[in-house]
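Some notes on the structure that comes next.
The basis for the numbers below is simple: all heavy atoms, side chains too, and nothing from hydrogens, waters or symmetry mates. In this text, all values refer to a predicted model and were calculated from it rather than measured experimentally.
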2 protein chains.
Amino acid sequence: MSRPGKFPQLDAFDRKILAILQRDNSTPQRTIGEAVGLSAPAVQRRIKRMAEEGVIQANVAVLDPAALGQSITIFVEVEVISETSKQIEEAKSQFAAAPEIQQCYYVTGEADFVLVIVVPAMADYEALTRRLFFGNNNVKRFRTFVAMDRVKVGLSVPVER
Amino acid sequence: MSRPGKFPQLDAFDRKILAILQRDNSTPQRTIGEAVGLSAPAVQRRIKRMAEEGVIQANVAVLDPAALGQSITIFVEVEVISETSKQIEEAKSQFAAAPEIQQCYYVTGEADFVLVIVVPAMADYEALTRRLFFGNNNVKRFRTFVAMDRVKVGLSVPVER
DNA sequence: AATGAAATGAGAGCGCG
DNA sequence: CGCGCTCTCATTTCATT
């Protein structure tokens, strides 16, 4: 139930275009065209096609959390007690609904979920743990890692093979 | 040494604009203006200002890793042996340089680094571990979590206080 | 069948009041 | 800050290979 599993074939032009867009999607199509060796309309068509196919999922602005007073990034591993699909789905939607949770992955290994959380202050994180973890009796245990430095942040994908 | 630590004050208009841009930065300024109760030029001035101040760090396209054949997301906790600032900086730049590493945080707690990695196949991850972890004698230990589901993925920041 | 060149139209960027 | 203009860029049309 994840992705529409539709793999459109991407050629070298597409990949070069994507590499540019994921670095800066405000790049003029003319500039992109010059970089990849195509005309602007050709670039435009490919971009439109890839957007429709879902290869390009969104066009977003990346903000500085600190400027918004959301200066603390926290990393959490969560281990649950019962892993029935009902319980897992419940946990997923609960995590997905919390605005403080930026990223949530369901994983294999010593933990079941990994979360990336951004909050204004530790007090907010504390409140969140009370609500999300202590208030949920299917949570066995969780481990907290507070980020001192965001060394690298991005959702970009290596485009070259 | 990371951010210029400059906190420009953001008013309610700015925050509303940011909330829209981080969802879709191709939204016309006129539409944004209608949504927030400002004229298009006013919106433009604010956007330009925030881009210059670094509140808006980048404008990027979000791609579907699966469409690019990068279907495996992995989560890694790394613990190092020596935590001298020289060693830490070395590790930071090493992690930042690896294209497979999407995100890297320097953290407190039981681990020192947390990484989010995207690769085409497990074999690629294995090769990466050899190069990055086994090939680095300052790495004490690392724990791997393979993502079965990306429940929630985003770099967006809660804009409302 | 997809491209490139030229024409059209929408939106961004600036100076004005 | 809002209103106008200008200009760039995105988008469509059409001939071409």
Under 4.0 Å between a side-chain N/O of [X] and OP1 or OP2 of [N], yes or no?
{"X": "Gln29(B)", "N": "dG13(C)", "value": "yes"}
{"X": "Arg30(B)", "N": "dA12(C)", "value": "no"}
{"X": "Gln44(B)", "N": "dA12(C)", "value": "no"}

If you measure from the Lys or Arg side-chain nitrogens to the Asp or Glu carboxylate oxygens, is any gap between Glu83(B) and Lys140(B) under 4.0 Å? no
Under 4.0 Å, counting only non-hydrogen atoms across every strand here, what does Arg46(B) touch: a base, just sugar-phosphate, or nothing?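 Sugar-phosphate, backbone atoms only, no base.
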Common cluster, Val36(A)/Val60(B), ILVMFWY with side-chain heavy-atom separation under 4.5 Å: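 Hydrophobic grouping puts Val36(A) apart from Val60(B).
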Hey, any chance Leu38(A) and Leu21(A) share a hydrophobic cluster, counting ILVMFWY side chains that come within less than 4.5 Å of each other, even indirectly? yes
Could you check how far [atom1] of [X] sits from [atom2] of [N], rounded to whole Å?
{"X": "Arg45(B)", "N": "dC1(D)", "atom1": "CZ", "atom2": "C1'", "result": "6 Å"}
{"X": "Ile47(A)", "N": "dC9(D)", "atom1": "CD1", "atom2": "C1'", "result": "12 Å"}
{"X": "Gln9(A)", "N": "dA1(C)", "atom1": "CD", "atom2": "P", "result": "15 Å"}
{"X": "Glu34(A)", "N": "dG4(C)", "atom1": "CD", "atom2": "P", "result": "13 Å"}
{"X": "Phe13(B)", "N": "dC1(D)", "atom1": "CZ", "atom2": "P", "result": "7 Å"}
{"X": "Ile32(B)", "N": "dG13(C)", "atom1": "CD1", "atom2": "P", "result": "11 Å"}
{"X": "Leu38(A)", "N": "dA10(D)", "atom1": "CG", "atom2": "C1'", "result": "16 Å"}

Please tell me which of the listed nucleotides, dT3(C), dC9(D), dG2(D), lies nearest to the side chain of Pro28(A)?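 Selected nucleotide: dC9(D).
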Name the residue from Ile74(B), Ile117(B), Leu115(B) that meets the side chain to side chain contact (heavy atoms under 4.5 Å, CB included) definition with Thr144(B).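 The passing option is Ile74(B).
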